[in-house]
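See structure below.
Since the structure is predicted, the reported quantities are computational estimates derived from the model, not experimental observations.
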Amino acid sequence: MPGMVLFSRRWAIASDDLVFPGFFELFLRVLWWIGILTLYLMHRGKLDCAGGVLLSTYLIVLLVLLALVICTLSAIVHVSMKGTICNPGPRKSMSKLLYIRLALFLPEMVWASLGAAWLADGVQCDKTVVNGIIATVVVSWIIIASTVVTIIVVFDPLGGKIAPYSSAGPSRLDSHESSQLLNGLKTAAASVWEARIKFLCCCIGKDDRTRVAFSSTAELFSTCFSDTDLVPSDIAAGLTLLHQQQDNIRNNQEPDEVISHPPEPSQEADLDAELENCHHYMQFAAAAYGWPLYIYRNQFTGLCKIGGDCCRNRTTEYDLVGGDQLSCHFGSILQTTGLQYRDFIHISFHDQVYELPFLVALDHRKESVVVAVRGTMSLQDILTDLSAESETLNLECEAQDCLAHKGISQAARYVYRRLINDGILSQAFSIAPEYRLVIVGHSLGAGAAALLAIMLRPAHPQVRCYAFSPPRGLLSKSLYEYSKNFIVSLVLGDDVIPRLSVTNLEDLKKRILRVIAHCNKPKYKILLHGCWYELFGGDPDNFPTELDGGDQGDLTQPLLGEQSLLTHRSPAYSFSSDSPLESPTKYPPLYPPGRIIHLEEEGPSGRFCCCSTAHYRAKWSHESEFSKILIGPKMLTDHMPDILMRALDSVVSDRATCISCPAGGGSHVDMV
């Protein structure tokens, strides 16, 4: 529901968010009350010492205060359990209860201070009594400190601006007022987000590129989150409901809806060849991450294998390779790729905003010059990821409307300048002029590799690119079609990054609004059921994803509940589920690069990737299959490079041994 309004400002907490924290505090308060009562009844005869009257009075008053607090907390928990996310009417008394609860903190603080002062005077009473009272004073101050921290956490810097509108409601404002509110909120939100980002990234530089990245990231967050009146728990409940609804739709699909037509033999042969290439070049994409990924993949032996390279000084073999900041990285790169020192032309781990580490090597097995660009590994890389505006590229190609993700295109341009201006590619092709150019990368590195391949194609017409788990919001439609000729992308399972774009985030926000507006269950039940479902699975039919008496078709009808969750009519929000989203000008629809191979999981998804066996089949997929963000337990783990490498190993091994399988039968792989 919309955030609560207290003291004439909105807070980042809703009236139905107090069930769990209220119950937890209630449990502690009851135990505390019982403990103090037991202490008083068992030792009140020992309070006839000097200062004992004061301590006796302290305990009695504290018991009364705790009883009042317990009654108030019980009422808060009871009221918070009423209604639904979009029906806060049964909880209208919550603000009064919270005012009472906050008022009780004043006597609690006073009494805790008096207790501390009395104890400081050195009361000469029974040691057990004194220790018990010391414990009550300490607990009092811990609870008071916890309350202050909670208030800081739920404080909304924009609450003073949103509160007047929240109380007025959307019907009270005309279009001009709503437009003014929108502009004011976006400006204020951008300032708040920029301050937060600067605080979180205080350890990185303050150059012009970093300041631009701060502004771009703040603009993105303010665009995505300033037009809804949702609190974090609403989003969690919506994601929980979407996951169950998504699984329900999958389970109810007919077999002919799931199984596609068998591919032609030529397509299957092409898929086998490209899968083998992906399997080979993924080693280079992983090597670009350096020692952190290698140690993570080889937790017991990795440090022993590369430890010597970390400790000793640069050798003559190192001097044969151009680059900087190699440290432990070179040893892990050699172990991952299986190449020799002399096979590397350049290795750079220079890492700044819009500047990515990369390596250049000679791959004699495939007769190629390989450029591998590293993915996200630092705060600087995250800022590059989040600079999501679109910018026009000046390219020598037949594609029209050449737009691309700003941060990634800047990073690709940096690698391009290094390769050309520093003569790195010229040096590589002077050694092996007959080799072809192959560019690879994972995640952010995949996006940069794809754009780098587009930039280099006029000079290297035979260039190939293998993009592993690339971001969706990368290329305009015309560049996406153009890239199909020389770029292959590989996506694993439910990986969120190849489905992630500003347009898809707007679509996800719309679906969250719709599903929570249609749900008739209280939030605490949604979250409890959701936790159980995520941990242990079950039948999604048993969980609330639609109105009582309704059917799946009802979920496409607009509701007033959705409007109540908007702080204004967002231009990117449409009440029709079939109408396309209109992205803001800075964020037009963008697409993933090249042709896409999808390693699709078959059967029920395991809850824990380390404990379950995943069954995958490889297939060519269209970009439209990644036009929605899927919610699931593997949406993040499927993006990890080590998981992708294990899946590729299994898929390629299975297809190589299954020569006698019928064409188009797919590849079923057990991956532990």
Quiz prompt | Residue of the set Q244, H243, Q245 for which side chain to side chain donor-acceptor pair (under 3.5 Å) holds with D247 | solution = H243
Quiz item: Do S390 and K406 have side-chain N/O donor and acceptor atoms under 3.5 Å apart?
Solution: no
Practice problem: Please name the pair of heavy atoms, one in R374 and one in A288, separated by the smallest distance, quoted to 0.1 Å. | Solution: CG-O, 3.1 Å
Practice problem: Could you tell me whether the side chain of H405 and the main chain of I408 form a donor-acceptor pair under 3.5 Å? | Solution: yes
Quiz item: If you take all heavy atoms of A404 and S409, which pair is closest and at what distance?
Solution: CB-CB, 4.4 Å
Quiz prompt | Any L419 side-chain heavy atom under 4.5 Å of L452 side chain | solution = yes
Quiz item: Given S216 and E389, is the side chain to side chain donor-acceptor pair (under 3.5 Å) satisfied, shown in steps?
Solution: CA-CA 7 Å; S216 298; E389 304 102 315; 3.0 Å; yes
Exercise. Taking the side chain as every heavy atom from C-beta outward, state whether L648 and L490 have any pair of such atoms under 4.5 Å apart.
Key: yes
Quiz item: Rounded to the nearest 0.5 Å, what separation is found between the CG atom of N277 and the CG atom of D272?
Solution: 11.0 Å
Practice problem: Over 60° means perpendicular and under 30° means parallel, so classify the ring planes of Y482 and F486, tilted if in between. | Solution: perpendicular
Practice problem: Apply side chain to side chain donor-acceptor pair (under 3.5 Å) to H280 and D363, showing your working. | Solution: CA-CA 10 Å; H280 176 77; D363 178 17; 2.6 Å; yes
Practice problem: Kindly determine whether E355 and Q380 satisfy side-chain contact (heavy atoms from CB on, under 4.5 Å), including the steps that lead there. | Solution: CA-CA 8 Å; E355 297 178 358; Q380 292 92 329; over 6 Å; no
Exercise. Tell me, with the steps shown, if E600 and Y616 meet side-chain contact (heavy atoms from CB on, under 4.5 Å).
Key: CA-CA 5 Å; E600 186 178 44; Y616 290 99; 5.8 Å; no
Practice problem: Would you please test H529 and T240 for side-chain contact (heavy atoms from CB on, under 4.5 Å) and show each step? | Solution: CA-CA 9 Å; H529 289 164; T240 296; over 6 Å; no
Quiz item: D638 side chain to M635 main-chain N or O, any donor-acceptor pair under 3.5 Å?
Solution: no
Quiz item: Do you know which two heavy atoms are closest between A517 and C86, and how far apart they sit?
Solution: CA-SG, 3.6 Å
Self-check item: Euclidean distance, L275 CG relative to I597 CD1, rounded to 0.5 Å
Solution: 4.5 Å
Quiz prompt | Non-hydrogen side-chain atoms of I382 and T376 separated by less than 4.5 Å | solution = yes
Quiz item: Should D495 and K634 count as an ion pair when the cut-off is N to O under 4.0 Å?
Solution: no
Practice problem: Please examine the side chains of S387 and E391, heavy atoms only from C-beta on, and report whether any two atoms are closer than 4.5 Å. | Solution: no
Practice problem: Could you check if a side-chain atom of F221 sits within less than 4.5 angstrom of a side-chain atom of I197, using non-hydrogen atoms only? | Solution: yes
Quiz prompt | Note: R595-E274 ion pair, threshold 4.0 Å (strictly below) | solution = yes
Practice problem: Identify which one of L451, L479, L590 satisfies the side-chain contact (heavy atoms from CB on, under 4.5 Å) criterion when paired with L474. | Solution: L451
Self-check item: Carboxylate-amine/guanidinium proximity below 4.0 Å for R365 and E276
Solution: yes
Quiz item: Do the side chains of Q246 and I631 get nearer than 4.5 Å, heavy atoms only?
Solution: yes
Practice problem: Might you work through the side-chain contact (heavy atoms from CB on, under 4.5 Å) test for L403 and L475, ending with a clear yes or no? | Solution: CA-CA 6 Å; L403 296 176; L475 305 174; over 6 Å; no
Quiz item: Is the backbone N or O of R499 less than 3.5 Å from a side-chain atom of N504, with the two atoms forming a donor-acceptor pair by type?
Solution: yes
Quiz item: According to the interplanar angle, ranging from 0 to 90°, do the rings of Y281 and Y466 count as parallel (below 30°), tilted (30 to 60°) or perpendicular (above 60°)?
Solution: parallel
Practice problem: Output yes when a side-chain donor or acceptor of S501 lies under 3.5 Å from a complementary backbone atom of G473, and no otherwise. | Solution: no
Quiz prompt | Sole candidate of R472, K628, K484 that passes salt bridge (Lys or Arg N to Asp or Glu O under 4.0 Å) when paired with E623 | solution = R472
Practice problem: Let me see the working for D381 and T384 under side chain to side chain donor-acceptor pair (under 3.5 Å), right down to the final yes or no. | Solution: CA-CA 5 Å; D381 298 337; T384 301; 5.1 Å; no
Quiz item: Would a line drawn from the ring center of F626 to the ring center of H598 be shorter than 6.0 Å?
Solution: yes
Practice problem: Output the distance between atom OG1 (T337) and atom CD (Q283), rounded to the nearest 0.5 Å. | Solution: 8.5 Å
Self-check item: CD1-SG distance between I454 and C465, expressed to the nearest 0.5 angstrom
Solution: 8.5 Å
Exercise. Taking all non-hydrogen atoms of both residues into account, name the closest pair between L200 and L379 and its distance.
Key: O-CD1, 4.0 Å
Quiz item: Is the Y480 ring parallel, tilted or perpendicular to the H622 ring (thresholds 30°, 60°)?
Solution: perpendicular
Practice problem: Measure the spacing between CZ of R514 and SG of C519 and express it to the nearest 0.5 Å. | Solution: 14.5 Å
Could you list the donor-acceptor pairs under 3.5 angstrom formed by side chains in residues 436-446, with sequence neighbours left out?
residue, atom, partner, partner atom, Å
H442, ND1, Y289, OH, 2.7
H442, NE2, H639, O, 2.9
S443, OG, H639, NE2, 2.8

Exercise. Measure from the side-chain N and O atoms of N298 to the backbone N and O of Y294, and report whether any donor-acceptor pair falls under 3.5 Å.
Key: yes
Exercise. From the options L239, L230, T84, I526, select the one residue that forms a side-chain contact (heavy atoms from CB on, under 4.5 Å) with I516.
Key: L230
Exercise. Answer whether the closest heavy-atom distance between the side chains of P471 and L500 falls below 4.5 Å.
Key: no
Practice problem: Kindly indicate whether the side chain of W620, heavy atoms from C-beta on, has any atom under 4.5 Å from the side chain of I596. | Solution: no
Quiz item: Which pair of non-hydrogen atoms, one from G238 and one from I512, has the smallest distance, and what is that distance?
Solution: CA-CG2, 4.0 Å
Self-check item: Lys/Arg N to Asp/Glu carboxylate O, D507 vs R511, below 4.0 Å
Solution: yes
Self-check item: From CG (L508) to CG (L242), nearest 0.5 Å
Solution: 6.5 Å
Quiz item: For A388 and Y587, which heavy atoms make the closest approach, and how far apart are they?
Solution: O-CD2, 3.5 Å
Quiz item: Is the number of heavy atoms from other residues, nucleotides or ligands within 6.0 Å of CD (Q462) greater than 12?
Solution: no
Quiz item: Can any side-chain N or O of S476 pair as donor or acceptor with the backbone N or O of D401 at less than 3.5 Å?
Solution: yes
